[in-house]
Colleague: 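First, the structure itself, so that you have it in front of you.
For this chain, numbers begin at 1 and follow the sequence in order.
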Amino acid sequence: MKNYKKITLLSLLFLFCFSAKLFAIGAGVQVSGNPGLLINEEGVKFDRFSGRLTGTIRFSRLPLAIGFGLEAGKNASDFSYGFSGFADYNAIDYQIKNTWNLYSGFGAEGSLLTTNFDKWTLTAGARFFVGMNWLFYDNYLEIYCQQNLVPSYIKNLNDTASKGGFLLGLPFEAGIRMHF
């Protein structure tokens with residue numbers, strides 16, 4: 001009986017969220033290249049270049065976008081793969097012309113990468129971005145690109161003696177979303 005009440009409550013909550021104009025969303029996919037400079041006690045070096053494929057959701061009435069996906073590429077001279085995610089807040093949304101917009105804001109980003117499930121690396125940090133989007137087909141489709149600046153902390157989770165380091169990521173992202 002307890003599960004029946006929980007299922008009914010969750011169903012009503014989802015029905016409200018997807019029927020209310022406040023929760024109108026745009027869903028899509030983006031690809032990105034993610035170069036990074038590792039800054040630690042040994043110096044500064046180009047230590048990371050990975051690619052990402054991310055599923056994104058952007059709320060139409062709220063200036064929020066979130067995404068989760070897969071990441072793979074060079075990380076500290078090893079091939080690593082794993083999961084990444086982000087959450088963004090659009091602080092500025094400026095209309096350039098008709099359906100062409102310039103936007104900027106801040107957010108958070110994190111990734112958990114591994115090499116053959118024996119070495120795990122955690123990266124987490126803030127995100128600052130500027131981008132452009134173009135809405136077409138009666139604001140149903142959105143094409144966008146954005147450049148990010150991501151100062152983050154990187155730590156090898158298997159090495160307890162590792163102090164971690166500072167990673168300056170410069171990911172460039174491009175994608176498409178369909179708005180509902």
Side-chain angles (χ1 to χ4, degrees), residues 17 23 25-60 62-93 102-133 142-179:
C17 288
F23 295 99
I25 60 172
V29 64
Q30 76 181 21
V31 295
S32 65
N34 187 15
L37 298 171
L38 180 65
I39 303 168
N40 59 14
E41 55 271 354
E42 288 128 21
V44 177
K45 61 181 176 177
F46 180 72
D47 199 42
R48 183 178 198 170
F49 188 80
S50 61
R52 292 181 182 168
L53 181 63
T54 307
T56 66
I57 295 175
R58 179 176 178 209
F59 296 94
S60 297
L62 303 171
L64 300 173
I66 59 172
F68 294 99
L70 303 173
E71 182 174 351
K74 177 187 172 266
N75 187 26
S77 73
D78 294 329
F79 181 78
S80 297
Y81 51 89
F83 300 101
S84 65
F86 70 88
D88 287 343
Y89 176 78
N90 288 2
I92 298 170
D93 195 3
L102 174 74
Y103 61 91
S104 181
F106 55 89
E109 176 177 305
S111 65
L112 184 63
L113 304 175
T114 184
T115 57
N116 297 328
F117 299 102
D118 59 353
K119 291 192 318 187
W120 290 88
T121 304
L122 175 69
T123 306
R127 227 170 112 100
F128 304 96
F129 59 89
V130 63
M132 290 186 175
N133 65 355
E142 173 190 9
I143 294 176
Y144 65 94
C145 64
Q146 69 184 35
Q147 179 65 53
N148 302 301
L149 177 65
V150 184
S152 55
Y153 177 73
I154 185 168
K155 171 97 168 101
N156 184 346
L157 297 178
N158 294 23
D159 187 6
T160 57
S162 172
K163 294 180 183 177
F166 178 75
L167 181 72
L168 181 61
L170 301 165
F172 178 79
E173 301 168 341
I176 187 166
R177 288 189 190 108
M178 294 181 290
H179 291 265

Colleague: Please verify the inter-ring angle class for Phe106 with Tyr89; under 30° counts as parallel, over 60° as perpendicular, anything in between as tilted.
Modeller: tilted
Colleague: Measuring from atom NE2 of His179 to atom CZ of Arg58, what distance do you get when rounded to the nearest 0.5 angstrom?
Modeller: 5.5 Å
Colleague: What closest approach, in Å, do Phe79 and Ala72 show between heavy atoms, and which atom pair accounts for it?
Modeller: CZ-CB, 4.0 Å
Colleague: Salt bridge (charged side-chain N to carboxylate O under 4.0 Å, His left out) with Glu173: which residues, sequence neighbours excluded?
Modeller: Arg127
Colleague: Enumerate donor-acceptor pairs with a distance under 3.5 Å from any side-chain N or O in residues 63-70 to protein atoms, sequence neighbours excluded.
Modeller:
none

Colleague: A side-chain contact here means heavy atoms from C-beta on lying under 4.5 Å apart; do Thr56 and Tyr144 qualify?
Modeller: yes
Colleague: With rounding to the nearest 0.5 Å, note down the distance linking OG in Ser32 to CG in Asn148.
Modeller: 8.0 Å
Colleague: Roughly how far, to the nearest 0.5 Å, is the CG atom of Asn116 from the OG atom of Ser80?
Modeller: 9.0 Å
Colleague: Do Leu157 and Leu112 come close enough that some side-chain heavy atom pair is under 4.5 Å?
Modeller: yes
Colleague: Minimum heavy-atom separation for Phe49 and Gly33, please, with both atom names.
Modeller: CZ-CA, 4.4 Å
Colleague: State, with a plain yes or no, whether a side-chain heavy atom of Thr114 is found less than 4.5 Å away from one of Tyr81.
Modeller: yes
Colleague: Excluding sequence neighbours, so at least two apart, what forms salt bridge (charged side-chain N to carboxylate O under 4.0 Å, His left out) with Arg177?
Modeller: Glu142
Colleague: Roughly how far, to the nearest 0.5 Å, is the OG atom of Ser104 from the CZ atom of Phe129?
Modeller: 6.5 Å
Colleague: Going by the rule side chain to side chain donor-acceptor pair (under 3.5 Å), which residues pair with Lys119 if we only count those two or more places apart in sequence or in a different chain?
Modeller: Asp78
Colleague: Compare every heavy atom of Gly82 with every heavy atom of Leu113, then report the nearest pair and how far apart it is.
Modeller: CD2-N, 3.6 Å
Colleague: For Thr123, give me all partners under side chain to side chain contact (heavy atoms under 4.5 Å, CB included), at least two apart in sequence or on another chain.
Modeller: Arg48, Ser111, Thr121, Ser152, Ile154, Leu167
Colleague: I'd like to check Phe86 versus Thr54 (side-chain heavy atoms, cut-off strictly below 4.5 Å). Are they in contact?
Modeller: yes
Colleague: About how many Å separate CG of Leu102 and CD of Gln146, when rounded to the nearest 0.5 Å?
Modeller: 11.0 Å
Colleague: Go through the structure and list residues passing side chain to side chain contact (heavy atoms under 4.5 Å, CB included) with Leu170, not counting sequence neighbours.
Modeller: Pro35, Gln147, Leu149
Colleague: Can you give me the closest heavy-atom contact between Cys145 and Tyr103, atom names plus distance?
Modeller: O-OH, 3.8 Å
Colleague: When rounded to the nearest 0.5 angstrom, what distance separates CZ in Phe166 from CG in Leu38?
Modeller: 10.0 Å
